[in-house]
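One structure is given below, encoded as structure tokens.
Chain naming here is simple, since letters A, B, ... match the order of the sequence lines and numbering starts at 1 in each. What you see is a predicted model, and the numbers here were worked out from it, not measured in a lab.
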Amino acid sequence: DQQVKQNSPSLSVQEGRISILNCDYTNSMFDYFLWYKKYPAEGPTFLISISSIKDKNEDGRFTVFLNKSAKHLSLHIVPSQPGDSAVYFCAASLNNYGQNFVFGPGTRLSVLP
Amino acid sequence: KAGVTQTPRYLIKTRGQQVTLSCSPISGHRSVSWYQQTPGQGLQFLFEYFSETQRNKGNFPGRFSGRQFSNSRSEMNVSTLELGDSALYLCASSSRVGGNTIYFGEGSWLTVV
């Protein structure tokens, strides 16, 4: 039973356009969310986080939106660059339960020049 | 500031053997967690240590164990290796427990033959 879902295994976007990666979760108790980018043969790189007390967090080209009622979050990358091509994971945790993050299966983003 | 360092990066073991992987967290970070990544199961939480104490444990058999030292460095051990233990083992560190970003190392690639 997947608690964190990323229903799009892959996504292709033209360079300069917006990339939108989606993530859904089933446990309404999750209250802290992270996005990571991962290149092959490397560890995941932290991108951006959001706490359940917020509905939006921005950092440069990356914006994460959280819709608690829908148990949905999304990562927007604007503008998309070829170097953004990677696998993106969302992760969720319960604030008081340490670093036991539940990861989604990932979405492979390809940014085409 | 140096990132999370994992050793060894690559190793090959035979079924039935045991393996020890090492992780040095980011300086000042006291929480260390371990994750296993496989193509079929994605990123799965193994366990987390804080101040030399195991705080959380995922759903892995007792063959998987870990420890943390007073300098926050951590090791994980897998005994009686099985072919299915072949995976990328990722260590992550954080400055505190609960609702905080975790930063990953490059991982240790374990192949069991």
> Of the non-hydrogen atoms in B:Leu90 and B:Gly105, which two are nearest, and what is the gap between them?
Replying inline: CD2-O, 3.6 Å
> What part of A:Phe89 lies closer than 4.5 angstrom to a heavy atom of chain B: side chain, backbone, both or neither?
Replying inline: side chain
> Between A:Pro105 and chain B, which part of the residue has a heavy atom less than 4.5 Å away: side chain, backbone, both or neither?
Replying inline: neither
> So does A:Lys68 pair up with A:Asp55, basic N to acidic O under 4.0 Å?
Replying inline: no
> Of the backbone (N, CA, C, O) and the side chain (C-beta and beyond), which part of B:Gln37 lies under 4.5 Å from a heavy atom of chain A, both, or neither?
Replying inline: side chain
>> Are A:Phe65 and A:Tyr32 linked, directly or through intermediate hydrophobic residues, by side-chain heavy-atom contacts shorter than 4.5 Å (ILVMFWY only)?
In response: no
> Of the listed residues (A:Gly104, A:Ser49, A:Pro44), which shares the most heavy-atom pairs with chain B below a 4.5 Å separation?
Replying inline: A:Pro44
>> Can you confirm whether B:Glu52 sits close enough to B:Ser70 that some side-chain heavy atom of one is under 4.5 Å from a side-chain heavy atom of the other?
In response: yes
